[in-house]
Protein chains: 2
Amino acid sequence: MVVDELSEPDIDRLFQAFADSTRRDIVRRVTVESYSVSGLAALYDMSFAAVQKHVAVLERAALVSKEKHGREQLVRANHEGLHKARQLLSEYEAIWHQRAARIADILAQG
Amino acid sequence: MVVDELSEPDIDRLFQAFADSTRRDIVRRVTVESYSVSGLAALYDMSFAAVQKHVAVLERAALVSKEKHGREQLVRANHEGLHKARQLLSEYEAIWHQRAARIADILAQG
DNA sequence: GTAACGTACAACCAAATGGTTGTAGATGAG
DNA sequence: CTCATCTACAACCATTTGGTTGTACGTTAC
């Protein structure tokens, strides 16, 4: 998934990826430092395969990337994806602020 | 759903709500002006009931609220929900910036 | 070389999601 | 009053999601 020029399905995947507390925790952790997939799996009360799937969801959403390192696969945060998601919500907020400013204008001139 | 002090399932619902292009479009539209549910339904190539469900998802996520107005139900944006979601992503980004700053420090100090 | 580790992936399952149609109740218009 | 409109909600369906176990394979350690 390329990070700029996001298609609507890309944005779907991005927010879908955030809609799970385990995945949000993974994002926070791998932002601070790299983890192997089994290193991550050890943190949660679920199977290795389940965590592996969560990492795959984050990878498809371009929120993390994996780097092969010997027999381990190191997972690290991809800041571009996170930044893009934040930016989208900021744009939605901007629409609201524009409307609020317009209403204030009308009241002032009214 | 109370907007501050969000539980993890609350945050799940918040991001889940954004993970659909029709719902994102509804959020943008009702931020600019109120729509009745049928007014919204007329905009999309799906049944009234489907749009009604999307509005219900947004309502459970505290992103919109409905106000009864005669026989119509006017849907409008709830800015608190949007703001909270944006804030969460900003916090995640902050973690990344802290790490970037720490790395810069280490490099500067050798 | 062999055993243990880390990963990938298939098959399976229950529950949730996103859509449909149909029914029924309030409200407004003529 | 009656009819059309707006909404709510149930029942149903296909697909996706989030989990499981099992198997296979490359890599590392001993």
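- Side-chain N/O atoms of B:Ser38 include one lying less than 4.0 angstrom from OP1 or OP2 on D:dT7.
- Counting to the nearest Å, the P atom of D:dA8 and the CZ atom of B:Phe48 are 7 Å from each other.
- Between B:Ser47 and C:dT20, a side-chain N or O to OP1/OP2 separation shorter than 4.0 Å is present.
- In this structure, A:Lys53 and A:Leu74 both approach DNA chain C, and ranking their closest nucleotides by distance from the 5' end singles out A:Leu74.
- Using a 4.0 Å heavy-atom cutoff across all strands shown, A:Thr22 reaches no nucleic acid atom at all.
- Atom CZ of B:Arg13 is separated from atom P of C:dA16 by 12 Å (rounded to the nearest Å).
- End-to-end axis angle for the helix from C:dG1-D:dC30 to C:dG30-D:dC1, using five pairs per end and rounding to 10°, comes out at 30°.
- Of the candidates C:dG18, D:dT7, D:dG19, the closest approach to any side-chain atom of B:Arg23 belongs to C:dG18.
- B:Leu74 and B:Val51 fall into different hydrophobic clusters, where Ile, Leu, Val, Met, Phe, Trp and Tyr are joined by side-chain heavy atoms under 4.5 Å apart, directly or via other members.
- OP1 or OP2 of C:dA8 has at least one side-chain nitrogen or oxygen of A:Gln52 nearer than 4.0 Å.
- Closest contact between the side chain of A:Ala50 and the listed nucleotides C:dA8, D:dT20, C:dT20 involves D:dT20.
- Side-chain rings of B:His97 and A:His79 approach one another, their centers coming within less than 6.0 Å.
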Below 3.5 Å between N/O atoms, which protein atoms pair up with nucleotides 26-30 of chain C? Just atom names and distances, please.
from   : atom 1 : to      : atom 2 : distance (Å)
C:dT27 : O3'    : B:Arg71 : N      : 3.4

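- The nearest pair of heavy atoms linking A:Ala19 to B:Asp12 is CB-O, 3.6 Å.
- A straight line from CZ of B:Phe18 to P of C:dT17 spans 16 Å, rounded to a whole angstrom.
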